[in-house]
Undergrad: 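The following block contains the structure, expressed as structure tokens.
Bear in mind that the values here come from a model prediction, so they are computed numbers and not experimental data. Just the heavy atoms: all of them, side chains too, but no hydrogens, waters or symmetry mates, feed the values below.
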Amino acid sequence: MPEKMAEKEEQVGAGVVVVDPKPSKGFTSKAVDWLEKLIVKLMYDSSQPLHYLSGNFAPVRDETPPCKNLPVIGYLPECLNGEFVRVGPNPKFSPVAGYHWFDGDGMIHGLHIKDGKATYVSRYVRTSRLKQEEYFGGAKFMRIGDLKGLFGLLMVNMQMLRAKLKILDVSYGTGTGNTALVYHHGKLLALSKADKPYVLKVLEDGDLQTLGMLDYDKRLTHSFTAHPKVDSFTGEMFTFGYSHTPPYITYELSRRMVSCMSRLDNNFRSYHDA
């Protein structure tokens, strides 16, 4: 088994972990689902509007494979070759109860330009969270939109219960990869604040593929900010991450695949950008 894992890691690149969660169905899973439905029925007000699931915020459930030769108004210079990409929250499954804009699965939209022609594509970031909810066919992970009062506390405990009973596999984290993209030393990274980066590959036809999770050869042991800063002169990337145990914040300077870390316990004050 270790040899197979090493072979997979070599195929996708150094420091990139192939994400292969092992969730579990069965009677225990169904029993927890029933308990959750009861809690939602008794404690959640379903009449509340979910603004971030309607109008301009409404999700697009399906991916779009490369659509080639898009109509062009004007002219694309033949010397302009590359891909413009953006990421945002786009839930694949309807929530069990509440929903916040930050809860959606990461979906990347790409516009590939080559030889005066344009191609559009959209793909989900293939996170551990998304793979497991696809396995179950519905939402299973806690949502930020649920975190209100006693109901929120119970929903947090529902996820902890699923992890404890190994219904959900949280060994690869629970992030969505929906917040930002950064390109650093040949790697396109999809980021969310509570998880490690996911590595993406732009294929020759403009399609997008999730390779796995970046852990810098196991040196990255904490979450990774969604807003790192890359020094355009030196190429160094400055970042940090949180942990529930000391050191509570780890500051990191990344040069290629070499990671130099300095650590600071900042008494739980929250930082947003690196």
Undergrad: Not counting sequence neighbours, list each pair that qualifies as a ring pair (Phe, Tyr, Trp, His ring centres under 6.0 Å) and has a residue in residues 107-132.
TA: none
Undergrad: Donor-acceptor check, side chain of Ser192 to backbone of Gly177, threshold 3.5 angstrom: yes or no?
TA: yes
Undergrad: Are Val121 and Val87 in one and the same hydrophobic cluster, where Ile, Leu, Val, Met, Phe, Trp and Tyr link if side-chain heavy atoms are under 4.5 Å apart?
TA: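 As far as the 4.5 Å side-chain criterion goes, Val87 and Val121 are connected within one cluster.
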Undergrad: Provide the full list of ring pair (Phe, Tyr, Trp, His ring centres under 6.0 Å) pairs with a residue in residues 147-169, sequence neighbours left out, each pair given once.
TA: Tyr44-Phe151
Undergrad: Who are the ring-ring contact (aromatic ring centres under 6.0 Å, His included) partners of Phe57, not counting sequence neighbours?
TA: Tyr52, Trp101
Undergrad: Is the closest basic N to carboxylate O distance between Lys117 and Glu78 below 4.0 Å?
TA: no
Undergrad: Less than 4.0 Å between a side-chain N and a carboxylate O, is that true for Glu204 and Lys114?
TA: yes
Undergrad: Side-chain heavy atoms under 4.5 Å apart, restricted to Ile/Leu/Val/Met/Phe/Trp/Tyr: what other residues fall into the cluster of Met142, or is it alone?
TA: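 Met142 clusters with Leu147, Val156, Met160.
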Undergrad: Heavy atoms only: give me the nearest Leu191-Val182 pair and the separation to one decimal.
TA: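 Heavy atoms of Leu191 and Val182 come nearest at CD1-CG1, 3.7 Å.
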Undergrad: Checking Lys41 side chain against Glu36 main chain: does a donor-acceptor pair fall under 3.5 Å?
TA: no
Undergrad: Would you say Asn178's side chain and Phe102's backbone share a donor-acceptor pair under 3.5 angstrom?
TA: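 Flag set: sc Asn178 to bb Phe102 pair under 3.5 Å.
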Undergrad: Are Met43 and Leu38 connected in the hydrophobic side-chain network, where two residues link if heavy atoms are under 4.5 Å apart?
TA: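 Per the 4.5 Å side-chain linkage, Met43 and Leu38 are co-clustered.
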Undergrad: Keeping to residues at least two apart or across chains, list the side chain to side chain donor-acceptor pair (under 3.5 Å) pairs with something in residues 137-147.
TA: Asp33-Lys140, Glu133-Arg143
Undergrad: Answer yes or no: is there a donor N or O on one side and an acceptor on the other, between the side chain of Thr210 and the main chain of Arg126, under 3.5 Å?
TA: yes
Undergrad: Applying side chain to side chain donor-acceptor pair (under 3.5 Å), name anything that partners Tyr99, two or more places apart in sequence or on another chain.
TA: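 Once residues adjacent in sequence are excluded, Tyr99 has no partner under the side chain to side chain donor-acceptor pair (under 3.5 Å) criterion.
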